[in-house]
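All values derive from a computational prediction rather than experimental measurement. Letters A, B, ... are given to chains in the order of the sequence lines, protein chains preceding strands, and every chain is numbered from 1.
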Amino acid sequence: MDILTELNPAQRDAVQAINGPVLIIAGPGSGKTRVITHRVAYLIKECKVSPHRIMAVTFTNKAAKEMKARLDKLASTAVKELTLGTFHAICARILRQDGEAIGISHQFVIYDDDDQTSLIKRAMQELNLDPKQHTPSAIQNKISFAKSQILSPKEFIETGRNYFEEVVGRVYERYEQLLKQSSALDFDDLLMKTVELFKTKPDVLTKYQQRYLHILVDEFQDTNLVQYELVKLIAGKYRNICVVGDPDQSIYSWRSADVRNILNFEKDYPGAKVVLLEQNYRSTKNIIETATCVIATNKERKPNGLWTENEAGDKVTITETYNEQEEAQFVVSEVDKLVREAKFRAGECAVMYRTNAQSRALEEAFIRYGLPYRLVAGTKFYERKEVKDIIAYLRYIHNPDDSVSLMRIINVPGRGIGQRTLAELSNWAKSLGLTETGLLKLLVDIKTEHSPFNSRITQSLVSFARMIENLRAKNMDSNLMDFFDMVTGQTGFQKYLLAESDGEERWENILELRTVAEEYQEVPSPDGLAAFLEGITLVADVDSLDQTMDSVTLITLHQAKGLEFPVVFIVGMEEGVLPHIKSFDDPAQMEEERRLCYVGITRAKRKVYLCRAFRRNLMGGSLVNEASRFLSDIPRELVSNSGSLSSEEAIASAVYSWNKTAVFTPSENILELKAGDHVRHARFGEGVVINYQSVKNDAQATVEFNGVGQKKLLLSFAKLEKI
DNA sequence: CGAAAGGCTCTTTTT
DNA sequence: GAGCCTTTCG
């Protein structure tokens with residue numbers, strides 16, 4: 001297969017410009033992924049560059065996986081040799097390899113957000129800082145920002161310009177010490193320490209510079225300073241650096257991403273070749289025009305020439321409903337309609353929203369209707385308590401210095417080791433210059449009467465320490481699966497979990513985690529555990545999104561970047577939601593909200609629905625929001641029903657849509673059921689009615705489905721059959 | 001020590 | 001409305 005034939009001239013240009021710096025500005029749907037993969041394939045097949053000497057950086061692991069799959073088809077050569085992954089994953093690998101040169105333990109663990117918070121809290125406690133005066137999360141954000149700017153605690157303190165920053169500086173300093181003691185790195189460290197490694201160890205840098213003849217970076221508009229520096233360092237020798245991005249899709253400034261990286265690329269890399277990809281292959285003309293009108297209002301941007309040869313297609317639908325329940329109901333019934341009319345499959349539809357909390361009303365509606373959906377994130381799998389607990393056990397076994405994990409699990413299940421004991425343990429360890437684990441080992445060796453704790457507690461601590469030591473030894477020569485089972489069994493965790501009220505369900509999450517571990521089985525022990533731990537820490541939830549399943553995708557606008565769906569619903573098109581209220585007093589942030597909206601609209605291939613609720617519940621209270629300003633930027637001729645409404649009209653519309661809802665609620669033949677009745681559902685199969693109650697003109701039934709569990713169903717929607 | 005209850009504060013987006 | 005923290009009592 002010829003790599004170049006199926007490309008348009010601009011795309012071909014982008015693929016073939018292999019010498020020197022290249023900037024590719026790629027509008028949405030312009031075949032960006034295709035260009036990147038073809039470029040890599042071109043380098044390997046036509047230019048005979050060894051895959052070993054190519055680095056390709058993606059924004060998510062999912063994007064990396066996808067690219068790998070595409071390359072396998074395009075250039076069947078050893079794609080394994082490629083360095084392909086997110087910045088974080090690539091840096092983790094580099095530090096695992098060469099981090100020791102700057103004092104990073106070979107065994108380091110990666111702390112996620114949660115772990116970071118607990119460590120910051122501990123640092124604050126030690127410094128006698130009141131968490132009410134300075135919230136840990138504010139401090140965490142600031143530290144993260146400092147790291148993204150490659151500022152050490154010392155440098156940060158020097159540049160501090162107010163009291164708060166001075167406080168942050170002190171916490172930052174102590175936090176770093178605690179991280180070091182725990183042999184741990186946080187997410188930002190992965191990047192910052194790699195830059196530090198390169199800057200202080202020229203020989204290491206040279207090694208990587210010489211290796212990577214070609215570097216590609218995707219989603220360049222969302223890189224931050226650390227990432228920018230990193231790329232600059234590695235590309236320092238050959239300068240064959242190709243970056244791809246779209247300033248209009250920059251939506252991560254809150255994570256310190258800096259659009260200037262892409263806007264100033266030509267200045268920083270003089271002579272860079274610039275390629276514009278402006279033809280959109282994804283969306284209909286109406287969708288492109290709508291998106292263009294929305295983004296055009298931004299002042300801080302260069303206009304682009306996005307266009308498409310695609311048909312005009314359907315007009316954009318704008319709906320107003322009374323509240324978010326009705327909004328969700330509208331979405332669900334509309335999806336149902338599209339599916340019933342055989343226009344689209346459920347899996348081709350996505351519902352996008354600004355904040356995760358908005359998924360709730362949607363989920364409820366999908367459940368009631370009995371329509372399949374998949375939620376990306378939500379209570380994220382790896383953030384569930386039971387999952388984090390087991391991971392903490394595994395991590396602590398892997399790395400005895402990991403005090404955050406130790407503190408998390410030393411009393412889970414309860415072993416009579418409480419707050420007081422732990423505080424004493426920490427203090428005593430500190431005064432002896434030992435880690436907590438070191439102290440526990442000491443306790444095992446000395447006579448019980450020499451322990452400063454009472455005998456019951458000493459006994460507890462000693463048996464805990466012995467158990468962990470035993471497991472640590474087991475990890476050395478056991479199969480990863482056997483080892484996993486030993487951990488859940490011998491720690492008493494399984495028993496403890498199953499005794500909890502919702503234990504069954506939570507235990508299933510552990511089994512789910514176990515299946516993830518299966519992927520690392522072939523890695524010989526003890527490295528299998530290390531590989532597993534690293535794999536799960538750097539995974540985002542979008543990474544696991546499998547679009548082949550035939551169910552509607554519920555996803556945040558941020559996560560939706562880089563994806564495409566035939567049908568897109570954007571809900572919560574209201575002032576305060578999208579744009580989010582936090583952006584009201586900052587024009588730059590407001591522009592980012594607009595870009596977010598733009599990203600959402602441009603995910604759609606065929607159909608766009610923009611939904612708004614007149615009233616919305618937020619933290620108990622109920623708010624009346626005006627229509628999003630973004631809606632008023634869309635010309636009426638692109639919209640199939642009425643555009644923005646004034647607030648007086650909104651009330652009329654609320655009444656109108658209330659009636660409309662009643663119309664598409666088929667209130668005839670509501671099935672009458674009682675507890676104990678057997679029923680059948682198209683998706684959930686057979687089950688037994690547990691509870692049944694009438695609600696207005698409708699009825700709600702709780703049904704225990706065989707092998708599926710309990711579901712609450714609204715009978716006007718769910719197609720139940722009595723058997 | 002730990003379970004239960006009450007009180008508080010936030011809620012944007014995530015590798 | 002939840003999640004976190006503190007208080008209280010057994």
task = Starting from P on dT15(B), measure out to CD1 on I90(A) and report it in whole angstrom.
result = 16 Å
query = Which nucleotide, dC1(B), dT13(B), dT14(B), lies nearest any side-chain atom of T355(A)?
reply = dT13(B)
message = Wobble G-U and Watson-Crick pairs count when both distances are under 3.5 Å; given that, what is the 5' to 3' dot-bracket string of DNA chain B, with | for pairing to other strands?
response = ||||||||||.....
request  = Please identify each residue that fulfils side-chain contact (heavy atoms from CB on, under 4.5 Å) with W428(A), with sequence neighbours left out.
outcome  = S431(A), L432(A), L439(A), L443(A), P452(A), F453(A)
key: Charged N-O contact under 4.0 Å between R384(A) and D389(A)   = no
message = Holding to side-chain contact (heavy atoms from CB on, under 4.5 Å), I want the full list of residues that pass it with D218(A), two or more places apart in sequence or in another chain.
response = K32(A), I36(A), V244(A)
query = Should the pair Y393(A) and F464(A) be assigned to parallel (<30°), tilted (30 to 60°) or perpendicular (>60°) ring geometry?
reply = tilted
query = Restricting to pairs with a member in residues 580-589 of chain A, which pass salt bridge (charged side-chain N to carboxylate O under 4.0 Å, His left out), not counting sequence neighbours?
reply = none
ask   = When you measure from the side chain of R255(A), which nucleotide among dT13(B), dT15(B), dA2(C) comes out closest?
value = dT15(B)
task = Return the stacking result for dT15(B) and F87(A): yes when the ring centres lie under 5.5 Å apart and the planes under 30°, no otherwise.
result = no
inquiry  = Whole angstroms only, please: what is the CD1-C1' distance between I410(A) and dC1(B)?
reply    = 14 Å
note = The salt bridge (charged side-chain N to carboxylate O under 4.0 Å, His left out) partners of D248(A) (sequence neighbours excluded) come to R301(A)
Under 3.5 Å, which N/O atoms of the protein pair with N/O atoms of nucleotides 4-10 of chain C?
unit_1, atom_1, unit_2, atom_2, d
dC5(C), OP1, K121(A), NZ, 2.8

message = From the set dC1(B), dT15(B), dT13(B), return the single nucleotide nearest to any side-chain atom of T421(A).
response = dC1(B)
message = Using the ring-ring contact (aromatic ring centres under 6.0 Å, His included) criterion, which residues pair with F366(A)? Sequence neighbours excluded.
response = Y373(A)
inquiry  = D188(A): which residues meet the salt bridge (charged side-chain N to carboxylate O under 4.0 Å, His left out) condition with it, sequence neighbours left out?
reply    = none
query = Looking at Q559(A), does any N or O in its side chain come under 4.0 Å of the phosphate oxygens OP1/OP2 on dT13(B)?
reply = no
ask   = So, is N454(A) near the phosphate of dC1(B), with a side-chain N or O under 4.0 Å from OP1 or OP2?
value = no
query = Does T86(A) have any side-chain contact (heavy atoms from CB on, under 4.5 Å) partners at least two apart in sequence or in another chain, and if so, which?
reply = T58(A), N61(A), H88(A), A89(A)
message = Please confirm whether the shortest side-chain N or O distance from T556(A) to OP1 or OP2 of dT14(B) is below 4.0 Å.
response = yes
request  = Could you tell me the separation between the CE atom of M192(A) and the P atom of dT15(B), rounded to a whole number of Å?
outcome  = 21 Å
task = State which residues pass side-chain contact (heavy atoms from CB on, under 4.5 Å) with D222(A); sequence neighbours excluded, sorted by chain then number.
result = F59(A), S250(A), I251(A), Y252(A), A257(A), K561(A)
query = How is S137(A) classified with respect to the nucleic acid when contacts are heavy atoms under 4.0 Å: base, sugar-phosphate, or nothing?
reply = nothing
task = Enumerate the residue pairs fulfilling salt bridge (charged side-chain N to carboxylate O under 4.0 Å, His left out) with a member in residues 453-464 of chain A, sequence neighbours excluded, ordered by first and then second residue.
result = none
For nucleotides 2-6 of chain B, list the nitrogen or oxygen atoms of the protein found under 3.5 Å from its nitrogen or oxygen atoms, one pair per line.
unit_1, atom_1, unit_2, atom_2, d
dG2(B), OP1, N411(A), ND2, 3.4
dG2(B), OP1, G416(A), N, 3.1
dG2(B), OP2, N411(A), ND2, 3.1

remark   = To the nearest 0.5 Å, atom CE of M352(A) lies from atom CZ of R603(A) at 7.0 Å
remark   = Among the nucleotides dT15(B), dT13(B), dC1(B), whichever has the atom closest to the side chain of H88(A) is dT15(B)
